[in-house]
**Q** 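Here's a structure for you.
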Protein chains: 2
Amino acid sequence: MITKVLIAEDHESANISVQKTLEELDITNIAYAYYCDDALNKITQAVKTDSSFDLLITDLYFEPDGHHQQLPGGMDLIDAARKVQPDLKILVFSAENRPAAIDQLCHNDGIDGFVRKARNDARELKEAIREIARHRRYFPRHVKQLMEKKNTYSFSEVDITIITLLAQGMLQKDIPTYLQRKGITPSGLSSIEKKLNQMKSVLGFSKNEQLVAYCKDIGVI
Amino acid sequence: MITKVLIAEDHESANISVQKTLEELDITNIAYAYYCDDALNKITQAVKTDSSFDLLITDLYFEPDGHHQQLPGGMDLIDAARKVQPDLKILVFSAENRPAAIDQLCHNDGIDGFVRKARNDARELKEAIREIARHRRYFPRHVKQLMEKKNTYSFSEVDITIITLLAQGMLQKDIPTYLQRKGITPSGLSSIEKKLNQMKSVLGFSKNEQLVAYCKDIGVI
DNA sequence: TCTTTTTTTACGGGAAACCGTAATGTTACG
DNA sequence: CGTAACATTACGGTTTCCCGTAAAAAAAGA
C-alpha cells in the first residue's frame, strides 16, 4: 500500500497536477521538492525518523537556476535515493521523448515505472501508481514501436562524440588525436569519415551541417 | 473582466494545473481542448452563440497522434482564432525556451502574454491572467536580457537563408544560383563566404557546423 | 558629372574534406 | 596454428571550402 509520496519536480504546474492525481487516489501524505538535493534530503530524513516514503515520483530534467546543486538531474537523484533507501519505489514522470533514452530507462536503470508527459499523462499516472502499489512495474506499452518509428538510426557513443566535436568547431582532421587521448577506439581519420558517411547515407544526408541540425532537432546533442 | 476561458493543451496534466490556477482566480467557466482543431471549433461556436471566450490559454506544440488535424500547432490556432474573434485575449503557455523564438512571439505575433513552463509557472500564470484582465500584456521580464546575452549577433534575412540552406545540405558553391533564382542579393559566392565569415568571427566560431548548432539552439532556424 | 567610398563579384593558391582503394591489425573458428 | 572474416588505418586523387587580393559595380558625396 502506498500512503506517503515524495514529488520531485521543478515545474510548479506539473507538481500541482501530480498532487491532484494523488489526491484522487486518496493519497494525502505528500511532500514536494523543487530541487533534487532537497528531495534526497527529505528521503534521508524520513528514513532516519523511521517514516520513510513509499514512492518517489520524479522528473528527469531539472533546470539550473543559480542555486548550485549536488544532484543536477533526476537520474542522479534516483541513484542516490536507491543507496539511502533500497526498497523505495520510483516512478519517473518526464517529458523525455527520445525512444532510446526511454528504453534505456525502462530496461536498465531499475526503476518501477515511467510515465511520459503527454496527452493522457494524468490517466497514465494513476494507472502507474496503482500498478506499483501492487508491486508491479509500469512502462509504456509501445516503447519498441516508438523506437522503430522515430529513430531511423541509432547513434552510438562514438557517433555522438564525433558530431558533438564537429558542432563545437573541431576540425575533422584533429578528431583522431582527441579520441586517442580519451582512449576511444576507433580513432583513425578514415574510421571517422566512415562513421560520418554511414550516418549520412542512412539518413539521406550529404553534409555534416545536416547531421548537426538533425541531431540538435532530435536532441541527441 | 475575464470569466470565460478556453484551455488548448494536449497534456492532460498541464491542463489540470491550468484549470486549478484558474479556479484559484475564481474563474469557473472553463472549456478544454486537447486538439487545436477542437479549440478553434469551440471558439467559433461560442462566437456564433454570442457567448464568446474572454481568454484563450494555449500551448504551442501539440503532439501528432494519428488524428489528422487542420491546425498542427498553437501558432496556427492563434492565427485562425484571431480571424474568428479579433478581440480574443491570447496567453501562450509553453515550454519553449529558445530566446529568439520567445522574442519573436512576444514582439511580432500579437499575443497578450507568454508564460514559460518552468519553475514558478503556476505563479506566473496567475500574474499573467491578472495583468491581461487589466488589458495589459504580460511577458517574461528578462527576455531582452536573455536576447542580448545569448544573441551577440543579429542575423539578417540572408544570413538565416544561407544557414538554413547549409543545414538542408546544399553545397556552398550551389547557393549563389539558388539565391539568384529567388532574386536575393547579394548572391555571389564571395559574398556568401564573407557573410559566413562575419557571423563566425563575431560569435567566435571557426566552422559552419558550429553556426548551425548555435542557430538551432537559439531557435533562429 | 566626376570622384570617392562602399558593396559585390571574380580569381587563384592552399587547406580541409571527400572518396575509393589498399594495407594492416583483430577477432573468430576449424 | 592457420586462415578467413571483419574492423581499423593509411594513402592518393579529386572536390569543396577557406582566405586573401583585386576587379567590377553600385552608392554616396561634392
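Keep in mind that the numbers below use all heavy atoms, side chains included, and drop hydrogens, waters and symmetry copies. So that the names make sense, note that chain A is the first sequence line, chain B the second, and so on, each numbered from 1.
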**Q** Quick test: give all pairs of protein nitrogen or oxygen and nucleotides 20-26 of chain D nitrogen or oxygen below 3.5 Å, distance rounded to 0.1 Å.
**A**
none

**Q** Within 45° of the six-membered ring axis of Tyr35(B) and under 6.0 Å from that ring's centre, is NZ or CZ of Arg119(A) located there?
**A**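 Yes, Arg119(A) lies over the aromatic ring of Tyr35(B).
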**Q** How close or far is atom C1' of dT8(C) from atom CD of Gln198(B), stated in whole angstroms?
**A**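 To the nearest whole Å, that distance equals 13 Å.
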**Q** Regarding Arg130(A) and Glu127(A), does a basic nitrogen lie under 4.0 Å from an acidic carboxylate oxygen?
**A**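 Here Arg130(A) does not pair with Glu127(A) in a salt bridge, since their nearest N and O are not under 4.0 Å apart.
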**Q** Choosing from dT16(D), dT9(D), dC18(D), which nucleotide comes nearest the side chain of Ser187(A)?
**A**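 Minimum distance to the Ser187(A) side chain belongs to dT9(D).
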**Q** Taking all heavy atoms of Arg116(A) and all of Ala95(A), pick out the closest pair and write down the distance.
**A**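 Closest pair (atom of Arg116(A), atom of Ala95(A), distance): NH1-O, 4.3 Å.
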**Q** Any side-chain heavy atom of Leu179(A) sitting closer than 4.5 Å to one from Thr161(A)?
**A**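 Yes; the side chains approach each other to less than 4.5 Å.
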**Q** Roughly how many Å is it from CD1 in Ile192(A) to C1' in dA10(D), rounded to a whole number?
**A**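 Whole-Å distance recorded here is 14 Å.
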**Q** Is it possible for you to check whether Lys117(B) lies under 6.0 Å from the centre of the six-membered ring of Phe93(B), through NZ or CZ, and within 45° of that ring's axis?
**A**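 Yes, Lys117(B) and Phe93(B) form such a contact.
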**Q** Measure from NZ on Lys200(A) to P on dA17(C) and round the result to the nearest Å.
**A**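 Atom-to-atom, Lys200(A) to dA17(C), this comes out as 11 Å.
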**Q** Atom CD of Glu209(A) and atom C1' of dC18(D): how far apart are they, to the nearest Å?
**A**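 Glu209(A) atom CD is separated from dC18(D) atom C1' by 13 Å.
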**Q** How close or far is atom P of dC17(D) from atom CD of Gln172(A), stated in whole angstroms?
**A**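 In whole Å, dC17(D) P lies 13 Å from Gln172(A) CD.
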**Q** Taking the ring centre of each residue, are Tyr138(A) and Phe114(A) less than 6.0 Å apart?
**A**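 Here the rings of Phe114(A) and Tyr138(A) have centres that are no less than 6.0 Å from each other.
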**Q** Using a heavy-atom cut-off of 4.0 Å across all strands, would you classify Leu196(A) as base, sugar-phosphate, or nothing?
**A**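 Here Leu196(A) touches no strand at all.
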**Q** Under 4.0 Å, heavy atoms only, any strand: does Lys195(A) hit a base, just the sugar-phosphate, or nothing?
**A**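 Counting heavy atoms under 4.0 Å across all strands, no contact is made by Lys195(A).
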**Q** dT21(C) P sits how many Å from Asn197(A) CG, rounded?
**A**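 Interatomic distance, CG of Asn197(A) to P of dT21(C): 14 Å.
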**Q** Could you check how far CD1 of Ile162(A) sits from P of dT8(D), rounded to whole Å?
**A**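 Rounded to the whole Å, the gap is 11 Å.
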**Q** So, OP1 or OP2 of dA17(C): does either fall under 4.0 Å of a side-chain N or O from Lys207(A)?
**A**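 For dA17(C), neither OP1 nor OP2 has a side-chain N or O of Lys207(A) closer than 4.0 Å.
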**Q** Below the 4.0 Å mark, does dT9(C) have OP1 or OP2 next to a side-chain nitrogen or oxygen of Ser191(B)?
**A**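 So the side chain of Ser191(B) is within the cut-off, an N or O lying under 4.0 Å from OP1 or OP2 of dT9(C).
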**Q** Grab the CE-P distance between Met199(A) and dC19(C) for me, whole Å please.
**A**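 Spelled out: CE on Met199(A) to P on dC19(C) is 14 Å.
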**Q** Which heavy atom in Ala118(B) sits nearest to a heavy atom in Glu63(A), and how many Å separate them?
**A**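 That would be CB-OE1, 4.4 Å.
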**Q** Kindly say if Lys194(B) contacts the phosphate of dC18(D), meaning a side-chain N or O under 4.0 Å from OP1 or OP2.
**A**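 For Lys194(B), the contact criterion (side-chain N or O under 4.0 Å from OP1 or OP2 of dC18(D)) is not met.
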